[in-house]
Amino acid sequence: MVITEYEDGVRDNVRKARQAGKKVVLIPTMGALHEGHLSMVRLVAADESERERERTYVVMSVFVNPLQFGPGEDFAAYPRDLRRDAELARQEEVDLLFVPSAQEIYPPGSQTTVQVADLAAGLCGAARPGHFTGVATVVTKLLNIVQPDEAVFGQKDYQQFAVLERMVADLKLPLRLRLAPTVREPSGLALSSRNAYLNWEEKKQAAGIYASLRAAAELIGRGQRDAAAVADFLRGALERETRGRVEYAEVRQKKDLLPVAAISKSVVLLAAVFIGRTRLIDNLIVEV
Ligand code: PAF
């Protein structure tokens, strides 16, 4: 595995991979790698024969992007362990690990950002103004540097995926985005680098997020089609099960995250909950 901090290092290695006829796949991360990230590498390998995997060049980026953190958020505290991340990436046979400095991504004088309008405004975007502009900007830069055929993102950040899909379509970027299923602890808790902030008791509370999402999905399964009633049920379940502060509990169209009144097509149940000082998000797709 090649490790580089530099844009030029990425471009050189990717060019060589292309000359060797390889398909290029990008997996952007903020590091503190866990099974969720590693499952994205395995997803790339899984649907390909061994021969195909050999013809695929996997680039993983590790960059804690300052632009997507608001004032008072956990940018400084965000877990960082590059040595461990590099070892895990090597074990998963990542070909190139890109670990840029903030200077490499945002050289002095930078003043251009990428903003997705409506999709980025609600849900997490309402509570974290500017967050998705930070995400869209850094992902655009990474896509421009790597120029992959595919990029993989985790389902836990479903709104992020929807925002990036919109951006890729709107800017006519020539690549395919892939959604990797959420990886969970046996308790149901979605894996997240931020779980490192939780103590033992809080982890038990946090497991209630998935239990509540499932209970709301079962309600739809039993025939409830009133989205507001499902959202109310979800909020109540989250409050009871997690004893945390519920930031949002919503039922949205799966396709574009627009609000829905009567559930007739596939929806996604989305929640953000503070467990102590830690803000956690999760979601569940319900195919109707
Ligand atoms: O999902 C993440 O880890 C980040 O938002 C991403 C996509 C790597 C951009 O910084």
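For ligands, and for the atoms within them, numbers begin at 1 and follow the listed sequence. Here the structure is a predicted model, which means the values were calculated and not measured.
Using a cut-off of 4.0 Å between Lys/Arg side-chain N and Asp/Glu carboxylate O, Lys156 and Asp282 are scored as not salt-bridged. Under 4.0 Å is where a charged nitrogen must lie from a carboxylate oxygen, and between Arg279 and Glu73 no such pair does.
For ligand 1, the atoms closer than 4.0 angstrom to any heavy atom of Gln160 are 1 (O), 2 (C), 4 (C), 5 (O), 7 (C). Against a heavy-atom cut-off of under 4.0 Å, Pro28 is close to the following atoms of ligand 1: 8 (C). Against a heavy-atom cut-off of under 4.0 Å, Thr29 is close to the following atoms of ligand 1: 8 (C). Proximity to Val138 (heavy-atom distance under 4.0 Å) selects the following atoms of ligand 1: 9 (C), 10 (O).
Among all protein heavy atoms, the one lying closest to atom 10 (O) of ligand 1 is Gln68 OE1, 2.6 Å. For atom 3 (O) of ligand 1, the closest heavy atom belonging to the protein is Met30 CG, 3.6 Å.
Cation-pi check for Arg80 over Phe75 is met; the charged atom lies under 6.0 angstrom from the ring centroid and within 45 degrees of its normal. For the pair Arg184 and Tyr210, the distance from NZ or CZ to the six-membered ring centre is under 6.0 Å and the angle to the ring normal is within 45 degrees.
Ring orientation note: the planes of Tyr78 and Phe69 are nearly perpendicular, at an angle over 60° on the 30°/60° scale.
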